[in-house]
Protein chains: 2
Amino acid sequence: MSKSQRLVQLIMRINSLKSFTVQQLAGEFGLSARTITRDLQELSELGVPVYSVQGRGGGYRLLQERMLPPIAFTEGEAVAMFVACQSLNNLSALPFDEGAESALHKFYHYLPADVRERIDRLKQKVAILSPNRTMNPECLRTLLQAIMIRCVVTIGYSSSQGVKERDIQPIGLYASGGYWYCPAYCFLREEVRLFRADRIRSAVLNEAMEWREEADRWDLRNRPENVDTNPIPFTVSLTRSGVRQLESDEWFGPFLVVQEDGGGKATIRISTENMRFYADHIWRLGADARIVEPAEAVEYMQRKLESLKSVYDTNE
Amino acid sequence: MSKSQRLVQLIMRINSLKSFTVQQLAGEFGLSARTITRDLQELSELGVPVYSVQGRGGGYRLLQERMLPPIAFTEGEAVAMFVACQSLNNLSALPFDEGAESALHKFYHYLPADVRERIDRLKQKVAILSPNRTMNPECLRTLLQAIMIRCVVTIGYSSSQGVKERDIQPIGLYASGGYWYCPAYCFLREEVRLFRADRIRSAVLNEAMEWREEADRWDLRNRPENVDTNPIPFTVSLTRSGVRQLESDEWFGPFLVVQEDGGGKATIRISTENMRFYADHIWRLGADARIVEPAEAVEYMQRKLESLKSVYDTNE
DNA sequence: TTAAATAAGACAGATCCTGTCTTGTTTGCA
DNA sequence: TGCAAACAAGACAGGATCTGTCTTATTTAA
């Protein structure tokens with residue numbers, strides 16, 4: 001094995017040890033202690049954060065963070081990662097710390113001048129935006145950490161009754177429609193619930209509480225709120241403009257049936273407790289959509305209409 | 001200079017040349033041709049996609065893509081990039097090609113087993129979602145490409161009058177509220193307009209048309225649609241629940257004034273042509289919000305109410 | 001005080017790297 | 001067709017670097 005290959009191997013080996021002595025490595029690699037000493041010195045000069053403790057019980061330690069061996073990327077790979085991470089930066093709050101930024105710096109540093117120029121042009125022009133500027137990225141980071149290491153979190157959650165403390169076991173984290181959501185097992189309600197992350201005002205890991213196994217089965221393809229029990233049909237009829245507005249809708253889009261006159265219909269199956277949610281969703285379309293069934297939803301819309309009408313009537 | 005350093009230098013040098021001969025490099029590096037030959041052979045074995053053309057006028061060429069010299073990352077950096085890109089993967093359509101994916105593979109490959117396990121746990125649990133599954137990632141990619149290389153694009157755009165072809169000069173690309181938007185100079189209307197990317201059914205680079213310089217001044221902080229000319233005040237009064245719904249709203253959130261009783265008010269300044277947009281935005285809140293001014297918006301809401309009312313009345 | 005650890009210099013021998021020379025092959029051009 | 005320009009690859013000597021051994025010094029915990 002050549003020396004440079006050996007150095008890469010050495011990085012991998014010392015990554016997997018929290019502490020080691022020169023003799024030990026010399027044995028493992030079949031080399032003399034002097035050579036290993038020299039290698040470690042060289043790695044240190046190359047930026048591997050290794051330090052030594054002299055004296056009995058001493059040895060070498062890795063400072064802070066483990067390192068990966070040097071990896072060669074193609075230009076396309078670097079640009080793709082760069083643009084992806086860069087565009088995320090405009091998401092007001094992100095659960096990642098400075099790690100991503102320093103990695104971007106490394107990529108940027110090695111890119112040839114012409115590619116750098118092209119990337120600079122994209123920097124302020126491609127983004128994934130989140131309108132929500134009120135939330136604390138520290139909370140997101142804590143939630144992410146909790147998912148990774150399987151830990152219960154004590155949060156301060158702002159509901160309509162004010163901010164209350166509760167223990168949750170976060171089992172996922174996703175951004176959708178400009179908001180972060182955190183599905184979690186709630187120890188207060190003793191069930192899996194969906195929390196709006198911007199309503200989580202504080203989050204602290206609570207290592208004292210025990211992790212419940214059932215949460216591990218959850219993933220994005222199998223969201224508990226999507227599993228409707230006892231589903232009923234929910235049908236809307238749409239004008240031409242209504243069709244256009246719903247055609248790329250998350251829920252109704254896939255079930256849209258367009259008629260010859262340009263209008264359309266869509267029927268989805270929902271559980272009764274979510275009726276209001278879908279009715280409110282349709283409400284946004286105004287006169288371009290009419291709920292056909294269930295009757296409760298039609299009534300709900302009519303009540304909503306009356307109450308809004310009274311809001312404007314009393315004030316004229 | 002040590003051999004390994006020299007190889008890194010060599011990668012950089014050959015990246016900046018499309019074609020070169022051994023003699024040439026031997027001169028530049030002050031080494032013999034034989035040594036350079038051997039170095040190139042070694043780089044080739046390490047995966048640098050270099051190939052040779054024999055005969056007069058021949059030489060070495062770089063196949064496909066330029067490569068970056070090997071870069072060492074810390075574990076934290078790798079995890080941050082990995083999770084960031086991974087979570088983006090769930091965004092139904094992304095403007096990046098396989099580049100990001102193969103880069104992720106490299107990171108994953110070098111990560112120690114325990115970190116891999118933690119990442120696996122996150123994979124299906126953290127995401128940035130987009131509800132819109134109808135759009136073509138190929139279009140996004142073309143638009144991104146066009147921004148990078150400054151090129152006009154011919155698109156098929158679906159408006160209320162059907163799909164029409166038009167030439168645009170894309171000047172940005174962003175995702176917000178689950179949709180991709182593309183601000184672009186429109187050659188048809190001769191002004192900068194905002195296009196919904198999911199309504200762009202096809203996109204082809206049109207290298208024949210000339211690029212207009214004024215588009216380069218645009219960036220995300222200086223969006224043309226935010227520059228309202230001749231602004232008028234737009235005021236809503238809110239119930240307690242309305243306050244809660246608007247507090248992290250993109251437009252009204254920052255201007256919310258909460259009263260002692262829990263209700264609130266918000267006044268923003270808009271241009272008259274956007275009145276309907278903001279009124280429709282407030283419409284969503286139902287009876288939890290009442291538009292106070294301008295009078296045109298109040299009338300608009302009342303007309304919308306009447307038309308929705310008639311939709312349900314005629315059918316009972 | 002001692003044992004176990006790093007730190008670092010010196011030096012010979014081993015190994016690898018480099019340059020030179022050589023023979024071959026491929027390819028475009030005159 | 002033959003020549004010149006390019007790569008391909010072997011051989012070998014000399015040089016450079018790496019490695020192992022030996023050594024001395026220092027640090028630290030037991």
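Chain letters run A, B, ... following the sequence lines, proteins first and then strands; every chain starts at 1.
Ring planes of F20(B) and Y60(B): parallel class, angle under 30° (limits at 30 and 60°).
Shortest non-hydrogen contact noted between L143(B) and I200(B) is CD1-CD1, 4.0 Å. In this structure, M67(B) and G47(B) approach most closely via the heavy-atom pair SD-O, 3.7 Å.
In this model, a donor atom of one side chain and an acceptor atom of the other lie less than 3.5 Å apart for Y108(A) and D120(A).
For S44(A), there are no side chain to side chain donor-acceptor pair (under 3.5 Å) partners two or more places apart in sequence or in a different chain. For K106(B), the salt bridge (Lys or Arg N to Asp or Glu O under 4.0 Å) test picks out E77(A), with sequence neighbours left out. Listed by chain and residue number, D39(A) satisfy the salt bridge (Lys or Arg N to Asp or Glu O under 4.0 Å) test with R6(A) (two or more places apart in sequence, or in another chain). Scored by the side chain to side chain donor-acceptor pair (under 3.5 Å) test, R66(B) finds E75(A), D114(A) as partners (sequence neighbours excluded). Annotation: salt bridge (Lys or Arg N to Asp or Glu O under 4.0 Å) contacts of D167(A) (sequence neighbours excluded): none. In this view, S16(B) and R13(B) satisfy the side chain to side chain donor-acceptor pair (under 3.5 Å) rule, not counting sequence neighbours. Contacts of E117(B) classified as side chain to side chain donor-acceptor pair (under 3.5 Å), with partners at least two apart in sequence or in another chain: R121(B). Among residues two or more places apart in sequence or in another chain, the salt bridge (Lys or Arg N to Asp or Glu O under 4.0 Å) test is passed with E165(A) by none.
With the nearest nucleotide of DNA chain C identified for both S2(A) and Q41(A), Q41(A) has the one nearer the 5' end.
Here dT19(D) presents its C1' atom at 10 Å from NZ of K3(A), a figure rounded to the nearest Å. Rounded to whole Å, the distance from CZ on R38(B) to P on dG10(D) is 11 Å. Distance, M1(A) CE to dC18(D) P: 15 Å, rounded to whole Å.
When the local axes at the two ends of the helix from dT1(C)-dA30(D) to dA30(C)-dT1(D) are compared, using 5 base pairs at each end, they differ in direction by 30° after rounding to 10°.
Ring centers of F73(B) and Y110(B): at least 6.0 Å apart, outside the cut-off.
Of all nucleotides in DNA chain C having an atom under 4.0 Å from a heavy atom of chain A, the first and last in 5' to 3' order are dA3(C) to dA10(C).
Annotation: proximity of residues 22-35 of chain B to DNA chain D (heavy atom, distance under 4.0 Å) is found for V22(B), Q23(B), R34(B), numbered in ascending order. Taking a 4.0 Å limit (strictly below) on heavy-atom distances, residues 43-62 of chain A reaches DNA chain D at Q54(A), G55(A), R56(A).
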